[in-house]
Number of protein chains: 2
Amino acid sequence: MDKKALFHKLVSFTSSVHRVTNELTLNAKPDSVTQVQYKILEYITVNQPVTPSDISDCQNMSMPNTSRELKKLSEYGFIEKMNDTEDRRKQYIRLSKAGEIVMEEAFAMIESRFLNRVQKASEEDLEDIERALDILQTKLFHQ
Amino acid sequence: MDKKALFHKLVSFTSSVHRVTNELTLNAKPDSVTQVQYKILEYITVNQPVTPSDISDCQNMSMPNTSRELKKLSEYGFIEKMNDTEDRRKQYIRLSKAGEIVMEEAFAMIESRFLNRVQKASEEDLEDIERALDILQTKLFHQ
DNA sequence: CCCCTTAATTATCATTTGATAACTAAATAG
DNA sequence: CTATTTAGTTATCAAATGATAATTAAGGGG
């Protein structure tokens, strides 16, 4: 296998993924939060509960900036902070009820655009897509 | 096929793609350009020649901002603008020699990280990956 | 020709994001 | 018990990005 060719295929693939992700999520984000804040909310939604350090690592932003954005999200009422009972330096962050509602709305919009995109796909196509997602997830985009 | 389940699979998949892309491209970008400028260079690299309007559409940034960043990239000597001979409003943009060198370096770094990531993959795995990329590209992330 | 549209530019301003230093408080190692 | 490390915060500044209005120049339809 020509790994160089595979690499180039990956490059144009990721570029497509980014473009389509942009299309699907366009304006899905509520106006009340910025792009970075939305990314944080998305991360929390999928991984909650998370600590500020987790967010800092995974979104690669510095702790001070992470802390600032979390403070805003907390002020807007989209997240809740809880202290760890064992290590009192740590916090656990979850979506609040309002945060859940906001993210459900965003995801509903994204989902409807996704459905639109696969509208014409046959049952077989969908199964191919699912298999392909699984393969790439486990063999290439793991961890 | 449960499309809702497929959608959720897609969500975590795209999140993985973004995470891995971040890992692979971390610090690959030359310090001389900003994140947005690098994204533009990447887009030009893969799709050249492109017009400012193409860039504006695909990176969804406004024309004024696109124009500003292209001007900077041009001043830095990374791109070249050529006029369309038929429609003299249009421009075609390509990487300059310097731009090619810079992007080759960036891609070399990304590629070596990619190779590292698929180091342990068998020949069969690689073929699976390639097939999966093709399937998703044509059936889901097309256009 | 005139009007409307398209492609791109310039200028300007507000907002977001990134980076850094200095700090508090709790845990942990010696 | 002290020193160091870890988790998180606050404040502040600089830079990057986004948004908008006004402009130039060319193409296209009537």
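Predicted, not measured: the structure shown is a model, and the values here were computed from it.
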[X] [atom1] to [N] [atom2], straight-line distance once rounded to whole Å:
X: A:Lys90; N: C:dA25; atom1: NZ; atom2: P; value: 20 Å
X: B:Asp84; N: D:dA25; atom1: CG; atom2: P; value: 18 Å
X: A:Arg89; N: D:dT4; atom1: CZ; atom2: P; value: 17 Å
X: A:Asp54; N: D:dA7; atom1: CG; atom2: C1'; value: 11 Å
X: B:Asp87; N: C:dT6; atom1: CG; atom2: P; value: 12 Å
X: B:Ile40; N: C:dA8; atom1: CD1; atom2: P; value: 13 Å
X: A:Asn60; N: C:dG18; atom1: CG; atom2: C1'; value: 12 Å
X: B:Asp31; N: C:dA19; atom1: CG; atom2: P; value: 11 Å

Classify the nucleic acid contact of [X] as base, sugar-phosphate or nothing, counting any heavy atom under 4.0 Å across all strands shown.
X: A:Lys39; answer: nothing
X: B:Ser56; answer: nothing
X: A:Glu86; answer: sugar-phosphate

message = Is it the case that the side chains of A:Asn65 and A:Arg68 hold a donor-acceptor pair, with the cut-off being a distance below 3.5 Å and no angle test?
response = yes

query = Can you tell me if A:Glu127 uses its side chain to pair, donor with acceptor, with the backbone of B:Met1 under 3.5 Å?
reply = no

query = Would you find a donor on one side and an acceptor on the other, under 3.5 Å apart, between the side chain of B:Ser56 and the backbone of B:Thr66?
reply = no

task = Run the salt-bridge test on A:Lys9 and B:Glu130 with the 4.0 Å N-O cut-off and return the result as yes or no.
result = yes

Under-4.0 Å salt bridge between A:Asp87 and A:Arg89 = yes

Closest nucleotide among [options] to the [X] side chain:
X: A:Gln91; options: D:dG8, C:dT6, C:dT16; value: D:dG8
X: B:Ser62; options: D:dG8, D:dA19, D:dA26; value: D:dA19
X: B:Arg88; options: D:dG8, D:dA19, D:dG27; value: D:dG27

task = To the nearest 0.5 angstrom, please state how far the NZ atom of A:Lys139 sits from the CD atom of A:Gln137.
result = 13.5 Å

request  = Verify the contact: side-chain N or O of A:Thr34 to OP1 or OP2 of C:dT17, cut-off strictly under 4.0 Å; return yes or no.
outcome  = yes

ask   = What are the residues of residues 63-79 of chain A, sorted by number, that bring a heavy atom to within less than 4.0 Å of DNA chain C?
value = A:Pro64, A:Asn65, A:Arg68

task = With side-chain contact (heavy atoms from CB on, under 4.5 Å) as the test, would you mind laying out the steps for A:Glu42 and A:Phe107 before giving the verdict?
result = CA-CA 9 Å; A:Glu42 243 182 30; A:Phe107 273 62; 4.2 Å; yes

remark   = Comparing nearest nucleotides in DNA chain C, the 5'-proximal residue of the pair B:Ser53, A:Val36 is B:Ser53

